[in-house]
There are 2 protein chains.
Amino acid sequence: MAGRPRSFDRDVALATAVEQFWRHGYEETSVASLTAAMGVSPPSLYAAFGDKHRLFEEASATYFRSTCEAVDRALELPTARDAVARILDDAARAHTRAGTPSGCLMLTEPRLAAQRDELRRRIQDRLERAVEDGDLPPGTRTDHLSAFLVAVLRGMSGCARDGGSTEDVLAIAHTAMAALPSSPGAECDDASAPR
Amino acid sequence: MAGRPRSFDRDVALATAVEQFWRHGYEETSVASLTAAMGVSPPSLYAAFGDKHRLFEEASATYFRSTCEAVDRALELPTARDAVARILDDAARAHTRAGTPSGCLMLTEPRLAAQRDELRRRIQDRLERAVEDGDLPPGTRTDHLSAFLVAVLRGMSGCARDGGSTEDVLAIAHTAMAALPSSPGAECDDASAPR
DNA sequence: AGGATTGCATAGCGAGCGTTACGTTATGCT
DNA sequence: AGCATAACGTAACGCTCGCTATGCAATCCT
């Protein structure tokens, strides 16, 4: 029943594939470059992962899962403002971390629109809870706000991919925070014009 | 001195190339698809435009020029807030215009980082003028704000490319406006938004 | 008209793409 | 040991890539 054991660690090879797709994108990553980076011959790759497309799906699912872990942890913070700030801050650092490719695979790759929308959905759910909690003003367009945040994350990823530093990307994150509606009890810090 | 006249309009062919690169990106656009769309044989294309890379440079420069025209016109509006609102609004509509590809070539294509930075620079210059005019609060980080705005534009382009409607992209633009610091004499709530 | 010049169309170049056929090697079961 | 099984390495498939050599067609100049 048993044959020759596989000479590579499937999980390690998959992680290497993630890195390649992350760094170069789906189209620009060739099977030859994958086999070289993974240290696996083409037939072994096809036996273990199907074909390039299914390998990409598995790789992007892995990436998505670990990304969502960090996001979900941030979304558990007590206020929506804290949660969003944490997500943006984490993203800025992750997108410019030394040793990993710049930017974010999920936010950059054209074929991962569904994952992006799933991310947006999770953020929106948290924002809606915040509205119910009185943490965000009633009437807050959580759909708009979540779409905005994903757009900002995307822009941050792009900035990192263009060679932006951690500080550059953090500046975007910081600036975006001003777009969050202040909680109902917060004061208006523009002193000159009481309406 | 003179030979057979060329059987196609160079400008029209270039515009078609712009459309192809815009729709599919540089890497995903093949010379074969270009010649087919432009109605020009490969040798004619190479004679008229050099090679694929130089054709792309010419096409992207054309795209960049016409984009900057709209941006510069918006930047002439009286206040920075008006100018930014106009840019975002224009972008949202342009990115989802029927008959043209979704999104924005300059904001999407990885190789056009220099153009993106040039765009950011123009916006920053306008913001600095606004600070001098008292139109934006003194101490406003115009570098951060301009980077933020380009990030948002990029996110808008990505949203459009993922199939987002004009309303979806406009919502991002609208939400982003809240991140602009209010002018010293302005009221507290955000009344101004992209029209 | 005749030569020079230039663009055209066809057809093909070498290289790289994603993928697989083929023969070999290493394992577990009997 | 000997067989079935499964992964291995090599080498190649058909195809598309960006690009060009070759020969024909259309123009201007004399």
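Please read all numbers here as calculations on a predicted model, not as lab measurements. By convention in this document, chain letters (A, B, ...) are assigned in the order of the sequence lines, proteins followed by strands, and residues within each chain are numbered from 1.
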Nearest whole angstrom, please: distance from the [atom2] of [N] to the [atom1] of [X].
| X | N | atom1 | atom2 | answer |
| --- | --- | --- | --- | --- |
| Gln20(A) | dG18(C) | CD | P | 12 Å |
| His24(A) | dC17(C) | NE2 | P | 12 Å |
| Leu34(A) | dC17(C) | CG | P | 10 Å |
| Lys52(A) | dT20(C) | NZ | C1' | 17 Å |
| Met38(A) | dC8(D) | CE | C1' | 15 Å |
| Phe49(B) | dG7(C) | CZ | P | 12 Å |
| Glu28(B) | dT16(D) | CD | P | 16 Å |
| Arg10(A) | dC8(D) | CZ | C1' | 17 Å |

So, is [X] near the phosphate of [N], with a side-chain N or O under 4.0 Å from OP1 or OP2?
| X | N | value |
| --- | --- | --- |
| Ser30(A) | dC17(C) | yes |
| Ser7(B) | dG7(C) | no |
| Ser44(B) | dG7(C) | no |
| Tyr46(A) | dT19(C) | yes |

- Query: Is there side-chain contact between Asp135(B) and Arg126(B), with heavy atoms separated by less than 4.5 Å?
  - Reply: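 Result yes, sub-4.5 Å side-chain heavy-atom pair found.
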
- Could you grab the distance from atom CG of Leu149(B) to atom CG of Leu119(B), nearest 0.5 Å is fine?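 Interatomic distance, Leu149(B) CG to Leu119(B) CG, rounded to 0.5 Å: 9.5 Å.
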
- Task: Would you kindly check if the NZ (Lys) or CZ (Arg) of Arg23(B) is within the cone defined by 45 degrees around the ring axis of Phe21(B) and under 6.0 Å from the six-membered ring centre?
- Result: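 Because its charged atom misses either the 6.0 Å distance or the 45° angle limit, Arg23(B) does not stack over Phe21(B).
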
- ring-ring contact (aromatic ring centres under 6.0 Å, His included) with Phe56(B): which of Tyr26(B), Tyr63(B), Phe64(B)?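 So the option named by the test is Tyr26(B).
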
Need one value for [X]: base, sugar-phosphate or nothing, where a base atom within 4.0 Å counts as base even if backbone is also close, heavy atoms only.
| X | result |
| --- | --- |
| Pro43(B) | base |
| Pro42(A) | base |
| Thr29(B) | sugar-phosphate |

- Message: Quick check on Arg86(A): does its CZ atom have over 12 non-hydrogen neighbours (other residues, nucleotides or ligands) under 6.0 Å away?
- Response: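 No, the 6.0 Å shell around CZ holds no more than 12 heavy atoms from other groups.
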
- Query: Taking for each residue the nucleotide of DNA chain C bearing the nearest heavy atom, is the 5' side occupied by Gly39(B) or by Ala32(A)?
  - Reply: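 Between the two, 5'-proximity favours Gly39(B).
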
- Taking for each residue the nucleotide of DNA chain D with the nearest heavy atom, is it Ser41(A) or Tyr26(B) whose nucleotide lies nearer the 5' end?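 Its nearest nucleotide lies further toward 5', so the answer is Ser41(A).
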
- Task: Between Val31(B) and Leu45(A), just flag the one whose closest nucleotide in DNA chain D comes earlier from the 5' side.
- Result: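 It is Leu45(A) whose nearest nucleotide is closer to the 5' end.
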
Per [X] side chain, nearest of listed nucleotides [options]:
| X | options | value |
| --- | --- | --- |
| Phe8(B) | dC8(C), dC17(D), dA6(D) | dC8(C) |
| Arg6(B) | dC19(D), dC8(C), dG18(C) | dC8(C) |
| Arg4(A) | dC19(D), dC8(C), dA7(D) | dA7(D) |

- When you measure from the side chain of Ser44(A) to the backbone N and O of Val40(A), does any donor-acceptor pair fall under 3.5 Å?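 Such a contact is absent between Ser44(A) side chain and Val40(A) backbone.
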
